Protein chains: 2
Amino acid sequence: MNDHRRYAHAIELLRAAKLRPTRQRMALARLLFASGHRHVTAETLHTEALEAHVRVSLATVYNALHRFTATGLLREVVVDGQRSCFDTNTTDHQHFFIEEEGQLQDIPAANVQITGLPTPPPGTSIRRVDVIVRVAKVPG
Amino acid sequence: MNDHRRYAHAIELLRAAKLRPTRQRMALARLLFASGHRHVTAETLHTEALEAHVRVSLATVYNALHRFTATGLLREVVVDGQRSCFDTNTTDHQHFFIEEEGQLQDIPAANVQITGLPTPPPGTSIRRVDVIVRVAKVPG
DNA sequence: GTGTTTGCAAAGTGTTTGCAATTTA
DNA sequence: TAAATTGCAAACACTTTGCAAACAC
């Protein structure tokens, strides 16, 4: 994706989400949605922005990640209690989590079938089923 | 379970885990493993201990929870980025998570079948598959 | 006695917040 | 110009750590 397309794509996403296309949000959206799907934390995205010479505060990165999540541009993935992880793939899918690296990898939902779930507790309904396949590196 | 059995059970668990049965660990083990399975956070267990007139510091509760987890007496469940949750049920099973309450509920593994998982990333092997069924309260 | 565990208070980590200054529509 | 957004620094919630005193074996 070239610069112009990236820009057009970013502004379109922000418009659709009814978020003002500020310089900071545009830059973050371009980093996030340039190509392919990504998993980021506030810290990694902030670092990436600074490396791309985008002046943006960490607080604004947090703010943007939450707004993007609230408007469906991102999805939050809970894998460890330490840091929040955000995924640009908002479609139904699951994750591998490589413990040593703290790295996520998507598993297409099409592959995975979950059967035999009991009915949810009385007075509740299922909002989402999260599957985290925790993997560890093996010698060799 | 009566007091004597609770005591015997706790000391047996600690011995098996090769942890010294200190007053604090004994008290926490009795609270945790008295009957049925439980989900606790450091905070809830600490509060419970104080209510039972057991003098124990929060730091020691954290310490105990981690030692218990490392020795297989407990299992950690990652459901939200805020706090660590520990489960006395260390057998293979899954969870309902009631979002409004932050409450966990076990799903027996026997029920649940997961099929179609792709092979794990090269050089890794599956350590565990965590399923969190996130449910929300519905009106009525 | 020797090594382990505890408790405290301090430090640490990741995240949120209050608010004045800036930017967007 | 009215409303939204930013950046900073302070506050926050949860967790870990350093270390002297207490404890278990």
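The shown structure was predicted, so the numbers you read here are calculated from the model rather than taken from an experiment. Throughout, protein chains are lettered first and strands after them, A, B, ... in sequence-line order, and every chain is numbered starting at 1.
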[atom1] of [X] versus [atom2] of [N]: gap in Å, rounded?
X        : N       : atom1 : atom2 : value
Leu65(A) : dT6(D)  : CG    : P     : 12 Å
Asp80(B) : dA13(D) : CG    : P     : 15 Å
Leu19(B) : dT5(C)  : CG    : P     : 7 Å
Met26(B) : dT6(C)  : CE    : P     : 13 Å
Asn63(A) : dG14(C) : CG    : C1'   : 16 Å
His46(A) : dT13(C) : NE2   : C1'   : 16 Å
Leu58(B) : dT15(D) : CG    : P     : 8 Å
Glu43(B) : dC12(D) : CD    : P     : 16 Å

Would you please indicate yes or no on a ring centroid separation below 6.0 angstrom for His95(B) and His93(B)?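 When the ring centroids of His93(B) and His95(B) are compared, they turn out to be within the sub-6.0 Å range.
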Within the sub-3.5 Å range, which N or O atoms of nucleotides 20-25 of chain C have a protein N or O partner, and how far apart are they?
from, atom 1, to, atom 2, distance (Å)
dT24(C), O2, Arg20(A), NH1, 3.0

Any strand counts, and the cut-off is 3.5 Å on both contacts for Watson-Crick or G-U wobble. Which nucleotide pairs with dA25(C)?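 Partner of dA25(C): dT1(D).
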Using both distances under 3.5 Å as the test, list the Watson-Crick or G-U wobble partner of dG7(C), or none. dC19(D)
Output yes when at least one side-chain N/O atom of [X] is less than 4.0 Å from OP1 or OP2 of [N], else no.
X        : N       : result
Thr60(B) : dG7(C)  : yes
His66(A) : dT16(C) : yes
Arg25(B) : dT5(C)  : yes

Among the nucleotides dA9(D), dT5(C), dG14(C), whichever has the atom closest to the side chain of Ala59(A) is dA9(D)
Salt bridge Asp130(B)-Arg134(A), side-chain N to carboxylate O under 4.0 Å: yes
Report which part of the nucleic acid Ser84(A) touches: base, sugar-phosphate, or nothing (heavy-atom distance under 4.0 Å, all strands).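 Since only primed, P, OP1 and OP2 atoms lie under 4.0 Å of Ser84(A), the category is sugar-phosphate.
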Quick one: label Gln82(B) by what it contacts on the DNA or RNA (base, sugar-phosphate, nothing), any heavy atom closer than 4.0 Å. sugar-phosphate
Should the heavy atoms of other residues, nucleotides or ligands under 6.0 Å from CZ of Arg23(A) be counted, would the total exceed 12? yes
To the closest 0.5 Å, what do you measure between CZ (Arg128(A)) and CZ (Phe97(B))?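 One finds 11.5 Å between CZ of Arg128(A) and CZ of Phe97(B).
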Using only heavy-atom distances, determine whether the side chains of Thr44(B) and Thr47(B) contain a donor-acceptor pair under 3.5 Å. no
Within-4.5 Å side-chain heavy-atom neighbours: Phe86(B) and Thr69(B): yes
For His4(B), is there any backbone N or O sitting under 3.5 Å from a side-chain donor or acceptor partner on Asn2(B)?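 Yes.
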Mapping Ala64(A) and Tyr62(B) onto DNA chain D by nearest heavy atom, which one lands closer to the 5' end?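 Its nearest nucleotide being more 5', the pick is Ala64(A).
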